[in-house]
Amino acid sequence: MTSPRQPLEMLRELSVQEASGELVCASDEIEVHVYLQAGKVAWATSSASRFAFRRHLLEQFGLESSTLRELVEDCRRNRRPLGETLVEWQLATTDQVREALQLQVADALGSLADHPQAAALFLARRGRFLSYDVALTFELSSVWPENAGEDGRSDGGDDRTLAERVYGAAHAIR
């Protein structure tokens, strides 16, 4: 389904509908992919910062670039999720993977907020989109403030939610 609505508005609706699939948003400046599993965000990536997840893993958790490259190739060959494989290979804990994923997702959603006129298309999918470890998925409100405008900022108060802090951290790594 394509939509003339702003991408973040469409994402909120898909989340409420507990949709599973891929939201693709594109403009001349940006391309963003958001993968949903039963309405939760499982992964998101933006052409503005394609390697935020990888960079976070290398910098924050001390993974060697060659080890990460080998892991990514293994995941591609065997069609396995990177986050789950990082945990299985004991290269990172579930909490560490969640932290890196949360930053990647917030960064991608920030790209959507920066380009509200991007065209959006949702590709409903099931199958492997329903088999991803739910411990590595996020309620939309935990990676994007519910009370936020399209720019991700809260519409009042000095107290920042977890999602607002994650958004700020994601923008800092851009």
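Note that these values count all heavy atoms, side chains included, but never hydrogens, waters or copies made by symmetry. Predicted, not measured: the structure shown is a model, and the values here were computed from it.
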Any idea which heavy atoms bring A19 and F122 closest together, and the distance? CB-CZ, 3.8 Å
Is any side-chain heavy atom of D107 closer than 4.5 Å to a side-chain heavy atom of L103? no
Taking V32 as the fixed residue, which of S27, S111, S47 is the one that meets the side chain to side chain contact (heavy atoms under 4.5 Å, CB included) rule? S111
Minimal non-hydrogen separation, L63 against L91, with atom names: CD2-O, 3.5 Å
All heavy atoms of R54 vs all of S65, minimum pair found to be NH2-OG, 3.0 Å
Contacts of type side chain to side chain donor-acceptor pair (under 3.5 Å), residue E13, not counting sequence neighbours: R5
Name all residues meeting the side chain to side chain donor-acceptor pair (under 3.5 Å) criterion together with N78; count only those two or more places apart in sequence or in a different chain, and write none if there are none. D74
List the residues meeting side chain to side chain donor-acceptor pair (under 3.5 Å) with E59, not counting sequence neighbours, and say none if there are none. none
When rounded to the nearest 0.5 angstrom, what is the spacing between CD in Q96 and CG in L101? 12.0 Å
What heavy-atom pair brings A92 and V97 nearest, and what distance separates the two atoms? CB-CG2, 3.9 Å
Would you check if V87 and T93 make a side-chain contact, meaning some heavy-atom pair closer than 4.5 Å? no
Using 0.5 Å steps for rounding, measure from the CG atom of L71 to the CG atom of L86. 5.0 Å
Correct closest heavy-atom pair for L14 and L23 would be CD1-CD1, 4.1 Å
Would you confirm whether E84, through its side chain, and D133, through its main-chain N or O, come within 3.5 Å as a donor-acceptor pair? yes
Any donor-acceptor pair under 3.5 Å linking the side chain of S20 with the backbone of A38? yes
Test of understanding: with side chain to side chain contact (heavy atoms under 4.5 Å, CB included), list the residues that count as partners of E64, not counting sequence neighbours. S66, T67
Check the surroundings of atom CD in Q90: do more than 12 heavy atoms from other residues, nucleotides or ligands lie under 6.0 Å from it? no
Between the main-chain N or O of G39 and the side-chain N or O of Q17, is there a donor-acceptor pair closer than 3.5 Å? no
When rounded to the nearest 0.5 angstrom, what distance separates CG in L140 from CG in L11? 5.0 Å
Treating T137 as the side-chain partner and V134 as the backbone partner, does any N or O pair qualify as donor plus acceptor under 3.5 Å? yes
Within this structure, what is the CD-CD1 distance for the pair Q117 and I30, rounded to the nearest 0.5 Å? 14.5 Å
Quick check against the 3.5 Å criterion: does Q102 have a side-chain atom that pairs as donor or acceptor with the backbone of S142? yes
Here the salt bridge (Lys or Arg N to Asp or Glu O under 4.0 Å) pairs for residues 30-47, sequence neighbours left out, are K40-E139
By side chain to side chain donor-acceptor pair (under 3.5 Å) - contacts of R98 (at least two apart): none
Kindly give the heavy-atom pair with the smallest separation between C75 and P81, and that separation in Å. SG-O, 4.0 Å
Ion pair E73/R76, N-O distance below 4.0 Å: yes
